[in-house]
Amino acid sequence: MLDLRFIRANPELVAKAIRDKGEKADLGGLLSIDEEVRALLVESEALKRERNVESEKIAVLRKEGADASAEIARMRDVSGRIKEYDEKLAALRVDLTAAALTIPNVPHESVPVGADEDENVAVRSWGEPRSLVADPVPHWEIGETLGILDIKGASRIAGSGFVAFTGTGARLERALIAFMIDLHVNGHGYTEVSPPFVANRAAMEGTGQLPKLEFDMYHCSEDDLFLIPTGEVPLTNLHRDEILQGERLPVKYVAYTPCFRREAGSYGKDTRGLLRVHQFDKVEMVKLVEPETSYDELEALTSNAEAVLEALDLPYRVKVLCTGDLSFSAAKCYDIDIWSAGVKQWLEVSSCSNFEDFQARRAGLRYHPAGGGKARYVHTLNGSGVAMARTVVAILENYQTDRGTIVVPEALRPYMNGLEEIT
RNA sequence: GGAGAGGUGACUGAGUGGUUGAAGGUGCGCGAUUGGAAAUCGCGUGUAGGUGAUGAGCCUACCGAGGGUUCGAAUCCCUCCCUCUCCGCCA
């Protein structure tokens, strides 16, 4: 959520952000409600002032044993009017908040303006798309053949869109998780967190999944809890409504979590095998930083994700998302795609975003600057480091041999009892 | 699920109807003291909103959340949430 005062002061900038992001938001309506609220506030507060002053006088009169019934009668009337004002204000504020929640974050000036993903801009790439064999089979074939992937079995449990890893496949999954977390903890200075995998409404609003994505999430109605669609939710909300000491920044967390997504309405394309599933594992990085450093921290975060892919020797490309493809809450975002030789596609395995203070304002994430001074909102960032299912796809396809086996990337061998090949 | 205790500022901790936005302490900032530091002393330190010029000042709100009683609520009543202890159940 943007600062109302910022919106008030920069309406044309916000209007441009809404246009560039292709969002629908009633900025004019918001501003007029805001004006109405402030006008009523002035009147209501003047009455409250009167009440406070008079109440004190009544207290004095009472103490002196004098009669205060005239004043009390008058204040009874004033209180009634205050109540009317406050009821009007409360109703308006509901509208105001609802309107404010439809205003997206403003893209950073370095973000290219564009309508959709076709106008994202390539930033860099690493490695050449290649594979050990000329024409590797898709992961769902070799996965079934080697007995490490059981899609049919998973559908018996939970329906289509779920997968089960078995035997060495499960071990590979676990190895990837452990490898990535170790890299970020030991190599990049993150603190590991093992958070809840469900979150309440306040948390979902704090990171901006609500109100927009309600129907993309699994929901436990009994307890009004949502299965997390990404580790970003628990990690960013860990310090919700807290004021951190400035010395603690930057806070850098990494966590393994499963991610649950209903993916309602996305059946058909790109859904075979592991490409788009309702539940996948992910290692997520989140940072809470001082505003002045957030764009440097974004570059560092992105390179932390890239380090995973380089260690696994998976060719990738990085692109900066244009305004039209940028998410509602983000000010800037890099996507990282890896090449998978079997399905012959670039697969998105990481999104690294700077939200500036957009999430922090909603989530109440502040800090006391080290040298003293007023509490300020932190800037929040997050990025996958990286998403598992598609990384497994690339490994199963890029590392296929002509013997129908899969070479284990060297970086993973220590996590798989030294296993060199899945046969 | 049952019984009980409790939620106050960055932290700790007083406060049961009327100068309490909130004592005391810690922490933090500034200053004094010191060769320097520690210790000590003095002063200052909440958040949000409104109104001013994104100044000073002034005003309003905030003691888990939301309602209620009252001229007046951190203080009384109701509902909800959370934490802790004990019991039960259970991985």
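In the text below, chain A, chain B and the rest are named by the order of the sequence lines, each starting its count at 1. Just so you know, these numbers come straight off a predicted model, no measurement behind them.
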Contact class for [X] vs. all strands (heavy atom < 4.0 Å): base, sugar-phosphate, or nothing?
X        : value
A/Ile58  : base
A/Lys57  : nothing
A/Arg201 : nothing

Please list each protein N or O that sits under 3.5 Å from an N or O in nucleotides 43-48 of chain B, with the distance.
unit_1, atom_1, unit_2, atom_2, d
B/U47, O3', A/Arg366, NH1, 2.8
B/U47, O2', A/Arg366, NH1, 3.4
B/A48, OP1, A/Arg366, NH1, 3.4

Exercise. Has A/Arg76 got a side-chain N or O lying under 4.0 Å from the OP1 or OP2 atom of B/C71?
Worked result: yes

For this session: Ignoring backbone atoms, test whether A/Arg38 places a side-chain nitrogen or oxygen under 4.0 Å from the OP1 or OP2 oxygen of B/G52.
Result: no

Do [X] and [Y] pair up side chain to side chain, a donor and an acceptor below 3.5 Å, judged on atom types alone?
X        : Y        : value
A/Tyr253 : A/His239 : yes
A/Thr380 : A/Gln359 : yes
A/Glu356 : A/Tyr377 : no
A/Asp335 : A/Ser351 : yes
A/Thr166 : A/Asp150 : no
A/Tyr367 : A/Arg376 : yes

[atom1] atom, [N] versus [M]: distance in rounded Å?
N     : M     : atom1 : answer
B/U79 : B/U20 : P     : 33 Å
B/G21 : B/C62 : C1'   : 9 Å
B/C81 : B/A91 : P     : 26 Å
B/A3  : B/C80 : P     : 13 Å
B/G7  : B/U75 : C1'   : 15 Å

For this session: Assign each of A/Arg8 and A/Ser44 to its nearest nucleotide of RNA chain B by heavy atoms, then name whichever residue's nucleotide is nearer the 5' end.
Result: A/Arg8

Problem set entry | 5' priority, RNA chain B, between A/Glu50 and A/Asp34 [closest heavy atom] | A/Asp34

Got a list of side-chain donor-acceptor pairs under 3.5 Å for residues 283-290 of chain A, not counting sequence neighbours?
unit_1, atom_1, unit_2, atom_2, d
A/Glu284, OE1, A/Lys282, NZ, 2.6
A/Lys287, NZ, A/Glu297, O, 3.1
A/Lys287, NZ, A/Glu297, OE1, 2.6

Exercise. Nearest to the side chain of A/Ser79 - B/G68, B/G49, B/C71?
Worked result: B/C71

For this session: Both distances under 3.5 Å, Watson-Crick or G-U wobble: on that basis, could you give the dot-bracket string for RNA chain B, with [ ] for crossing pairs and | for other-strand partners?
Result: ((((((((.[[[..)..(.....]]]((((((.......))))))((((((.....)))))).[[[[[..)....]]]]])))))))....

Distances for protein N/O vs nucleotides 56-59 of chain B N/O pairs under 3.5 angstrom?
none

Exercise. Quick one: CG on A/Asn105 to OG on A/Ser329, what's the gap to the nearest 0.5 Å?
Worked result: 7.0 Å

Exercise. So does A/Arg124 pair up with A/Glu306, basic N to acidic O under 4.0 Å?
Worked result: yes

Exercise. Between A/Arg362 and A/Asp357, is there a side-chain N and carboxylate O pair less than 4.0 Å apart?
Worked result: no

If you look only at distance, which donor and acceptor atoms sit under 3.5 Å apart when one is on a side chain in residues 413-423 of chain A and the other is two or more places apart or in another chain?
unit_1, atom_1, unit_2, atom_2, d
A/Arg413, NE, A/Val408, O, 2.9
A/Arg413, NH2, A/Val408, O, 3.0
A/Tyr415, OH, A/Asp182, OD2, 2.6
A/Glu421, OE1, A/Arg403, NH2, 3.2
A/Glu421, OE2, A/Arg403, NE, 3.4
A/Glu421, OE2, A/Arg403, NH2, 2.6
A/Glu421, OE2, A/Thr405, OG1, 2.5

Exercise. Who pairs with A/Arg171 by side-chain hydrogen bond (donor to acceptor under 3.5 Å, both in side chains), at least two apart in sequence or on another chain?
Worked result: none

